[in-house]
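Read through the structure below, which is laid out as structure tokens, and then see the notes.
The shown structure was predicted, so the numbers you read here are calculated from the model rather than taken from an experiment. Position 1 is the first residue of the sequence, and the numbers go up from there.
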Amino acid sequence: MTSTDVRTEAEDSGPSGYAAARLRLLQEGARSGPPRRAALAELTDDWLSGLFDAGADKLRGISLVAVGGYGRGELSPRSDLDLLLLHDGSADSGAVASLADRIWYPIWDLGLDLDHSVRTPAEARKTAGEDLKVQLGLLDARHLAGDLGLTAGLRTAVLADWRNQAPKRLPELQELCAERAERQGELQFLLEPDLKEARGGLRDATALRAVAASWLADAPREGLADARRRLLDVRDALHLATGRATDRLSLQEQDQVAAELGLLDADTLLRQVYEAARVVSYASDVTWREVGRVLRSRAVRPRLRAMLGGGKPTAERSPLAEGVVEQDGEVVLARAARPDRDPVLPLRAAAAAAQAGLPLSLHAVRRMAAGVRPLPTPWPAEAREQLVTLLGSGPSTIEVWEALEAEGLITRLLPDWERVRCRPQRNAVHIWTVDRHLIETAVRAAEFTRRVHRPDLLLVSALLHDIGKGWPGDHSVAGEIIAKDVAARIGFDRTDVAVLATLVRHHLLLVETATRRDLEDPATVRSVAEAVGSQGTLELLHALTEADALATGPAAWSSWRASLVTDLVKRVSAVLAGDTPEEPEAAAPTAEQERLAIEAFRTGGPVLSLRAQTEPPTEPSTEEPSGDPEPLGVELLIAVPDQEGVLPAVAGVLAMHRLTVRTAELRALDLPDGVSGSVLLLDWRVAAEYGSLPQAARLRADLVRALDGSLDITGRLAERDAAYPRRRGIVAPPARVSVAAAASRLATVIEVRAHDAPGLLHRIGRALEDAQVRVRSAHVSTLGANAVDAFYVTGPEGAPLPGEQAASVARALEDTLRE
């Protein structure tokens, strides 16, 4: 039977004919999705038009209007009917009421849900002005029967009202969406989601249509219509499976709904729902951000025009990183940025955005997705560092990561991510999908970066620890294999790859052993020690265990579990402490270092050398060469006659010139036989925050002035910070300073773990100088956004500090860094 035959039957047979035709349409296996929804709307249109025509008789100035979802021509099997009987007020009120009854009662007799009203255009506009939900429904008003001009006039007036009132109504709509999300949760993570009300559901898709109708902003359209269609298809199948007008996709009905849609299983169904919800959620984020930007711009524009004499103000652009700037509260690409020539740009832009606590511009992400070339294998050092910085940025990582993922950049960087993307976890303990859980674990791990010596390994292991859940079998075993491949591709050396693989393989070891095994049994502790292998890996595994549990959900971690795991870690650490390595001997100086040292001693002043450094290949690559080796930065060698204040002076000069210190070593170098005296040698790797490097002569001149006290570094840095205050961005964990027990027989080792920032090393050096201790050697490394530094200090007489003095120095330094 054709659609025309179905409509004819409905028209000829009245309500019972409509019911039969409706049932036949819904049982047609060959027709589903948008065609079926449109056919059901058309069938209903014809039936209601017949009811109207039969009852309207000689009435004039009256029409029947579909609003809401029915107005859009989208009827799911158990959707309610939203109808407005519109009249111009000229007809007798009794006749209008009688007509309404002749339409509403047949609908109720069939058991269909009905949302109805009878209003004049003025009443409809007044109600819309008072009730936002009514306003949204009228935006989709569609004529069914009667006076077409009356309906058209209302549509025109309602749209005009909406556009005129948009600056007031859109914030109200945004607040309504936020309140609904708070109540219903996020559709893309819920095991039993509400397809309509949850964030990323059909209500949000309707809100985006309303924003577009305001002409104030528009949603990213790519993929949005398809996502909305998929959610409607699932709702259709849910209605047919349950026979009820429900939007809640409960667990017991998911298999039946999946079968109705021809999908493999319930997990496949949920993954499709999550993917669609993610598209709607991301489009909502971008759209509401644009609405806010436009409204702010409108609020300040009259004042700016008055100040600028009517000229159009130019948006301020502040540099954040090479090729990346801030504009209008978003991170965008600099005008000179070339994604086609800069494969690290997506990670650099993402890291800069996350560190600044700003969103990535949709245009910037799409431009990078369209033009950036793939990273070489293994990744260059900068790419690895930018990934670590992004992962260590705390909660702001999430929004930036989602922006990259929305345009497919994450799976291009990490192809294994595709298997865990939007993958549901059918476990009451887990509150996130697998991919979101991994990012949440990295966010939690960022809080613990002060507890470990290698925060970069902690953050990357957090990102990868459940990567094996996209494969059959034990996800820890599968994940170990994947982690090895990913870590090598990212550019970690063999030792770090082995540590990451161990962390992924055993990420459940501590909590499972602590809660399921007898810790008094020596064999239990020995087995964990054998699996972990080293104190450094144990430290990382302890932090990863806690981050993983906290990112799982409230039921996965407690003070009881934490105490059991801490007890196990102490026992394992005691076993591992039996293999304490001997203190390594200092490496012999190179010929270049020795030459600089002798020249510094001879001239009595600093001598420096700047030399570009490139990353040596770690693995043979089967890919075609990608050009010159990736620059690691510039190696800066400085030799200075041994004296006080060298560390803060050098660090301060570098901060003044906006040079980022990636690694640094400082040590005292004895001169060759026949030359009495000692020289401090600083071997650092530096890079410009943005722009070009300063001339070596300028660095040396400023260093000379800093050492003789004629250059006020602290004042200069304070003036610069006051003139160009840094954006607060993320809230980093506080600095942690500790004394490493028994780390050296010749000096006291002060360990500093802090958020990297301009001038950090200068502040540390000054604080140590104020404490009247001598820095005999230093080992400084920047891992993403984290500084992990060790300073070997002695008292004025050259001996290690007494225990109480060492603790006092550490406390004072920690207080300084937390100011």
Handout entry: Derivation of the side-chain contact (heavy atoms from CB on, under 4.5 Å) call for V118 and H87
Key = CA-CA 8 Å; V118 180; H87 65 98; 3.9 Å; yes
Exercise for the section: Kindly determine whether L154 and T151 satisfy side-chain contact (heavy atoms from CB on, under 4.5 Å), including the steps that lead there. Expected result: CA-CA 5 Å; L154 176 65; T151 303; 5.8 Å; no
Where [X] and [Y] come nearest, the two heavy atoms and their spacing:
X    : Y    : value
L159 : A213 : CD2-CB, 4.4 Å
L190 : Y274 : O-OH, 2.6 Å
L170 : S214 : CD1-OG, 3.7 Å
Y282 : A403 : CE1-CA, 3.6 Å
V420 : I467 : CG1-O, 3.6 Å

Do the charged groups of [X] and [Y] touch, with an N to O distance under 4.0 Å?
X    : Y    : value
D236 : R37  : yes
R278 : E275 : no
E172 : K168 : no
E197 : R248 : no
D233 : R230 : no
R60  : D147 : no
E330 : R289 : yes
E130 : K126 : yes
R423 : D435 : no
D218 : R209 : no

Using a 3.5 Å distance criterion without hydrogens, assess whether the side chain of [X] forms a donor-acceptor pair with backbone atoms of [Y].
X    : Y    : answer
T206 : L202 : yes
S63  : A145 : no
R142 : G71  : yes
Q27  : R24  : no
D131 : T127 : no
Q425 : W432 : yes
E407 : A369 : no
Q254 : L249 : yes
S76  : S79  : no

Donor-acceptor side-chain pairing of [X] and [Y] below 3.5 angstrom:
X    : Y    : result
D46  : S49  : no
T287 : E290 : no
Q184 : K196 : no

Do [X] and [Y] have side chains that get closer than 4.5 Å, going by heavy atoms?
X    : Y    : value
H363 : V332 : no
I431 : T552 : no
D204 : L187 : no
S281 : Q188 : yes
V280 : R228 : no
L114 : D80  : no
I439 : E402 : no
T268 : R271 : no

Pairwise distance [atom1]([X]) to [atom2]([Y]) - rounded to 0.5 angstrom:
X    : Y    : atom1 : atom2 : answer
L85  : T120 : CG    : OG1   : 11.5 Å
L231 : D247 : CG    : CG    : 10.5 Å
E440 : F189 : CD    : CZ    : 7.5 Å
L138 : L84  : CG    : CG    : 6.5 Å
L240 : R78  : CG    : CZ    : 10.0 Å

Exercise for the section: I would like to know whether H465 and H475 meet side-chain contact (heavy atoms from CB on, under 4.5 Å); could you show each step before the answer? Expected result: CA-CA 9 Å; H465 75 279; H475 76 278; over 6 Å; no
Determine whether more than 12 heavy atoms belonging to other residues, nucleotides or ligands lie under 6.0 Å from atom [atom1] of [X].
X    : atom1 : result
W108 : CH2   : yes
E222 : CD    : no
Q256 : CD    : no
E182 : CD    : no
R203 : CZ    : no

Exercise for the section: Please step through side chain to side chain donor-acceptor pair (under 3.5 Å) for the pair H116 and D82, ending with a clear verdict. Expected result: CA-CA 6 Å; H116 61 89; D82 291 336; over 6 Å; no
Practice task
Begin from the C-alpha positions of R180 and E175 and carry the test salt bridge (charged side-chain N to carboxylate O under 4.0 Å, His left out) through to its verdict.
Solution key: CA-CA 9 Å; R180 187 175 65 250; E175 185 177 351; over 6 Å; no
Problem - Derivation of the salt bridge (charged side-chain N to carboxylate O under 4.0 Å, His left out) call for D194 and R199 - result: CA-CA 9 Å; D194 188 305; R199 181 176 184 267; over 6 Å; no
Practice task
Name the orientation class of the two ring planes belonging to Y18 and W47 (parallel below 30°, tilted from 30 to 60°, perpendicular beyond 60°).
Solution key: parallel
Practice task
Verify side-chain contact (heavy atoms from CB on, under 4.5 Å) between L99 and W104, making sure each step is shown before the conclusion.
Solution key: CA-CA 9 Å; L99 174 60; W104 308 155; over 6 Å; no
Practice task
Let me know which of D115, V65, L83 forms a side-chain contact (heavy atoms from CB on, under 4.5 Å) with Y70.
Solution key: L83
Problem - Lys/Arg cation over aromatic W417: R421, 6.0 Å, 45° cone - result: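 Geometry flag: not set, cation outside 6.0 Å or 45°.
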Practice task
Compute both the distance and the angle, then confirm whether R169 meets the cation-pi test with W162: under 6.0 Å from the six-membered ring centre, within 45 degrees of the axis.
Solution key: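 Pair R169/W162 does not count as cation-pi.
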Practice task
Could you go through the salt bridge (charged side-chain N to carboxylate O under 4.0 Å, His left out) check for R244 and E253 one step at a time?
Solution key: CA-CA 12 Å; R244 293 180 286 108; E253 287 149 357; 3.0 Å; yes
